[in-house]
Novice: 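Quick one: the structure is below, questions incoming.
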4 protein chains.
Amino acid sequence: MVTSKISLNLQPNERSLCMTKKEKILKIALELIVNQGIQETPMSQISKVSGVAMGTIYHHFKSKNEIVNAIYIYLKKEMGNALLEEKDSSKDYKALFYQFWNNLFEFYQKNEMAFKFLQRFVQSPLISDETKVEGLEHYKPIISFFEEGLRNNILKPIDIVLLTETIHGNIVSLVQIHFQQTIVVNKKIIDQAIDMSWSSVANKNYE
Amino acid sequence: MVTSKISLNLQPNERSLCMTKKEKILKIALELIVNQGIQETPMSQISKVSGVAMGTIYHHFKSKNEIVNAIYIYLKKEMGNALLEEKDSSKDYKALFYQFWNNLFEFYQKNEMAFKFLQRFVQSPLISDETKVEGLEHYKPIISFFEEGLRNNILKPIDIVLLTETIHGNIVSLVQIHFQQTIVVNKKIIDQAIDMSWSSVANKNYE
Amino acid sequence: MVTSKISLNLQPNERSLCMTKKEKILKIALELIVNQGIQETPMSQISKVSGVAMGTIYHHFKSKNEIVNAIYIYLKKEMGNALLEEKDSSKDYKALFYQFWNNLFEFYQKNEMAFKFLQRFVQSPLISDETKVEGLEHYKPIISFFEEGLRNNILKPIDIVLLTETIHGNIVSLVQIHFQQTIVVNKKIIDQAIDMSWSSVANKNYE
Amino acid sequence: MVTSKISLNLQPNERSLCMTKKEKILKIALELIVNQGIQETPMSQISKVSGVAMGTIYHHFKSKNEIVNAIYIYLKKEMGNALLEEKDSSKDYKALFYQFWNNLFEFYQKNEMAFKFLQRFVQSPLISDETKVEGLEHYKPIISFFEEGLRNNILKPIDIVLLTETIHGNIVSLVQIHFQQTIVVNKKIIDQAIDMSWSSVANKNYE
DNA sequence: TATGAATGAGCATTCATTCAT
DNA sequence: AATGAATGAATGCTCATTCAT
């Protein structure tokens with residue numbers, strides 16, 4: 001099962017009054033930015049809503065930009081953790097594919113803020129290259145998983161980049177449908193979606 | 001074949017000095033907004049670069065927002081046109097699927113500004129619901145095409161919304177790979193991508 | 001006779017509404033900055049006191065710094081003009097020396113703001129090198145005058161830089177005494193001061 | 001000979017860890033303020049560079065302003081000491097004049113920070129009247145020296161204030177030339193400068 | 001239509017100072 | 001005495017929009 005709502009808790013051992021402030025700032029900033037947009041979220045509002053004085057915010061973060069990057073990194077890490085949860089190596093490849101697909105879908109579904117934030121800022125110039133690279137780290141295990149599938153001829157011989165991006169795109173499409181509420185995304189729809197993904201990448205004998 | 005580069009030409013019959021100005025404004029605004037971001041593109045810059053005075057811009061567009069919406073509508077129309085080009089009803093269903101897939105991919109590929117703008121603003125609150133509805137119109141023919149496939153059991157019985165969004169998502173994924181330049185998107189990759197899409201939606205007997 | 005109070009009038013032929021605004025801004029900024037200091041003079045105050053909106057100020061000047069530089073350049077020009085006024089070539093060298101000395105003294109005395117501003121910003125890093133170079137231009141005629149005196153053995157063989165700086169320093173000392181109001185600077189004191197200057201540079205036979 | 005580099009040592013009997021901190025603060029503040037300007041030198045920087053915590057600085061000084069005043073007073077005292085050094089009453093008046101002139105010049109020349117700080121803040125409203133009065137004390141012996149010269153008809157009958165200010169201005173002019181590095185201030189230039197000063201104040205029979 | 005100077009509310013950020021530890 | 005996190009008012013500057021010409 002996937003972690004429930006992100007709570008922006010930092011490492012337990014790092015906990016302190018200071019951490020609590022940082023947490024508050026990031027948590028509030030995430031909400032406000034997703035709901036209103038970056039430019040529509042003044043630092044003064046983050047300060048007021050989080051109850052942390054302006055100066056204190058700047059004590060913890062060099063700039064508004066740094067807050068955005070901090071949120072990005074944090075959410076990517078959470079996503080990375082959620083993605084691989086409950087990896088049961090006894091499952092066969094297809095079952096694991098379903099597992100991972102569903103993990104990410106559920107993570108996004110249960111963390112609307114995280115999904116919208118990450119979607120909006122993947123390509124943004126506000127996110128530094130350094131942060132982007134740091135974010136990519138969390139995809140490594142899943143890439144290995146696909147490479148294994150390719151090696152064993154379970155998956156069609158598709159370029160790994162294309163493969164990864166397409167599957168991720170499929171998940172994102174479903175999450176977007178979910179949040180747009182065009183249709184209700186129930187178990188049946190989710191299964192259809194995962195099935196589409198699997199059909200698109202699996203060799204015939206493994207379908 | 002797909003229309004070449006968008007030139008933001010408005011209806012020939014509306015042509016006049018004024019039209020030329022409107023065109024200029026939209027063209028320049030599109031470029032600047034895609035390259036710099038909306039908030040980073042002041043009206044004064046649009047004015048300066050396009051050579052159209054501030055006041056004149058406000059003669060043609062009620063607000064900055066209206067410019068963004070005008071661009072959105074215009075690009076969606078162009079996209080709609082490109083999508084259905086060279087529809088040869090003599091082709092079989094699968095061939096048409098390939099055709100349409102490729103049409104949209106090529107359109108995005110050849111119109112980087114259009115792609116990036118549309119991607120960035122699909123979910124944006126800056127785009128009014130009215131504009132979004134207007135934009136959706138252009139998908140109708142392709143939806144009909146999918147419905148036909150479903151009726152004739154060529155396609156798996158997938159929810160039409162899921163189906164459309166997933167295929168569109170697949171195309172977008174490839175375009176993003178193309179512009180990120182992670183890998184070179186050549187004929188082989190494109191074929192792999194379309195094939196993935198087709199496998200994900202087609203009934204076995206039609207693969 | 002020396003120009004009376006500086007009025008920050010720009011070239012008559014350039015006069016226009018715009019000029020008037022620029023003038024107002026510079027005039028008010030000069031006063032406020034001299035009386036309160038630069039950092040103690042917010043742009044908002046310059047705006048309020050001058051009756052010119054913040055945005056308008058930034059329409060005319062790129063930054064607060066540019067205003068300071070504009071004032072500096074303007075005052076240096078005024079000073080340059082005042083310095084050479086009523087140059088009567090029929091006068092002998094000593095008389096001309098007295099004339100120029102007195103010109104500059106009177107200029108400073110009658111333009112307290114100018115004097116204090118120039119004194120405070122000569123060495124300031126806020127004044128760009130470009131501005132400083134532009135300011136130095138106005139000293140050229142007086143340097144020529146001193147060189148002539150050296151050539152004709154009227155003046156002692158003193159390094160020209162030392163000579164100029166010392167005489168200017170003497171004038172400045174008197175102006176400072178005047179504004180500090182330690183003593184009343186009357187005709188007698190002024191004559192004493194000029195005489196000190198002349199004694200310090202003139203060859204004995206010319207005293 | 002003139003005291004060497006100012007070290008901001010406070011009274012030996014007051015020495016303690018605390019004194020050392022006060023010293024550090026003043027020393028660092030002087031450097032930073034001269035190099036960057038007052039407003040450009042935040043207390044936080046003084047704290048960081050001096051290695052003394054913000055709170056501790058405020059233990060020793062009531063405010064930033066008080067630091068500036070403390071530096072001013074300290075430097076004035078140093079200057080006062082340097083000015084009268086090696087007073088050899090066996091020397092004749094002119095020789096003493098040369099001695100004092102040179103003392104002050106060398107002090108300024110060897111203590112660039114002190115010179116620049118004192119020059120910048122003489123007229124500053126940041127320096128309280130009380131501090132200014134305290135600073136003036138150190139000029140008293142030199143004023144007596146000039147009064148003696150006036151009494152004995154060695155000096156021209158010049159107003160004492162004008163006399164003092166002019167001579168001090170002459171020294172300052174040379175120091176400024178030195179630090180601007182327009183020309184190299186060597187023994188010859190210094191002699192020229194002192195000679196100018198002497199000529200300007202001495203009665204003919206004493207030149 | 002067309003112009004572009006003028007407007008002023010709004011924002012990110014800074015920094016002297018305080019105070020709980 | 002010493003610390004440094006916390007405070008929040010204050011500032012330089014931006015920019016969508018208006019309006020007199």
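These numbers come from a predicted model, not from an experiment.
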Novice: Within this structure, what is the NZ-to-P distance between C:Lys48 and E:dT7, rounded to whole angstrom?
Specialist: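 Computing the C:Lys48:NZ to E:dT7:P distance gives 15 Å.
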Novice: How would you list, by chain and number, every residue that makes a salt bridge (Lys or Arg N to Asp or Glu O under 4.0 Å) with A:Glu40, sequence neighbours excluded?
Specialist: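 Per chain and number, A:Glu40 pairs via salt bridge (Lys or Arg N to Asp or Glu O under 4.0 Å) with no residue.
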Novice: Defining pairs by Watson-Crick or G-U wobble geometry with both distances under 3.5 Å, how would you list the stems of DNA chain F with at least three pairs each?
Specialist: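 For DNA chain F the paired stretches long enough to count as stems (3 pairs minimum) are E:2-21 with F:2-21.
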Novice: Assign a letter to each nucleotide of nucleotides 10-17 of chain E from its 5' end: B, base within under 4.0 Å of a protein heavy atom; S, sugar-phosphate only; -, no contact.
Specialist: -SSBBBSB
Novice: For D:Gln45, which residues count as a side-chain contact (heavy atoms from CB on, under 4.5 Å) partner, sequence neighbours excluded?
Specialist: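 So D:Gln45 forms a side-chain contact (heavy atoms from CB on, under 4.5 Å) with D:Leu32, D:Gln36, D:Thr41, D:Pro42, D:Val49.
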Novice: A:Phe115 and side-chain contact (heavy atoms from CB on, under 4.5 Å): which single residue from A:Gln119, A:Met113, A:Glu112 fits?
Specialist: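 Testing each of A:Gln119, A:Met113, A:Glu112 against A:Phe115, the sole residue satisfying side-chain contact (heavy atoms from CB on, under 4.5 Å) is A:Gln119.
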Novice: Specify the separation, in whole Å, of atom CD1 of C:Ile67 and atom C1' of F:dC13.
Specialist: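 Atom CD1 in C:Ile67 sits about 11 Å away from atom C1' in F:dC13.
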Novice: Could you give the CD1-to-C1' distance, from C:Ile46 to F:dC13, as a whole number of Å?
Specialist: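 Interatomic distance, CD1 of C:Ile46 to C1' of F:dC13: 13 Å.
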Novice: What's the CG-P distance between C:Leu126 and F:dG12, to the nearest Å?
Specialist: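 Result: 12 Å.
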Novice: Rounding to an integer number of Å, can you tell me how far B:Ile57 CD1 sits from F:dC15 C1'?
Specialist: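 From B:Ile57 CD1 to F:dC15 C1': 13 Å.
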Novice: So, does C:Lys21 get its side chain near the phosphate of E:dT7, meaning an N or O under 4.0 Å from OP1 or OP2?
Specialist: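 Yes, C:Lys21 has a side-chain N/O under 4.0 Å of OP1/OP2 on E:dT7.
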Novice: Is there a side-chain contact between A:His59 and the phosphate of F:dA5, meaning an N or O under 4.0 Å from OP1 or OP2?
Specialist: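 Yes.
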Novice: Between atom CD1 in A:Ile25 and atom C1' in F:dA5, what is the gap in whole Å?
Specialist: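 A:Ile25 atom CD1 is separated from F:dA5 atom C1' by 12 Å.
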Novice: Tell me every residue that passes side chain to side chain donor-acceptor pair (under 3.5 Å) with B:Lys132, counting only those two or more places apart in sequence or in another chain.
Specialist: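 Result, side chain to side chain donor-acceptor pair (under 3.5 Å) vs B:Lys132: none returned.
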Novice: Holding to side chain to side chain donor-acceptor pair (under 3.5 Å), I want the full list of residues that pass it with C:Thr131, two or more places apart in sequence or in another chain.
Specialist: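 Testing C:Thr131 for side chain to side chain donor-acceptor pair (under 3.5 Å), a comparison that skips the adjacent residues, returns C:Asn69, C:Ser128.
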Novice: Sequence neighbours left out, what pairs pass salt bridge (Lys or Arg N to Asp or Glu O under 4.0 Å) with at least one residue falling in residues 42-63 of chain B?
Specialist: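 Applying salt bridge (Lys or Arg N to Asp or Glu O under 4.0 Å) to every pair that reaches into residues 42-63 of chain B, excluding sequence neighbours, yields B:Lys62-B:Glu66.
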Novice: Do you know which of C:Leu30, C:Ile33, C:Ile73 makes side-chain contact (heavy atoms from CB on, under 4.5 Å) with C:Val68?
Specialist: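 Only one option passes, and that is C:Ile33.
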Novice: With sequence neighbours excluded, tell me which residues meet side-chain contact (heavy atoms from CB on, under 4.5 Å) with A:Lys64.
Specialist: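 Listed in chain order: A:Ile38, A:Met43.
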Novice: Listing request: all salt bridge (Lys or Arg N to Asp or Glu O under 4.0 Å) pairs with a residue in residues 117-126 of chain C, at least two apart in sequence or in separate chains.
Specialist: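 Not a single pair qualifies under salt bridge (Lys or Arg N to Asp or Glu O under 4.0 Å).
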Novice: Report yes if a side-chain nitrogen or oxygen of B:His60 is closer than 4.0 Å to either non-bridging phosphate oxygen (OP1 or OP2) of E:dT1; otherwise report no.
Specialist: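 Indeed not, no polar side-chain atom of B:His60 lies that close.
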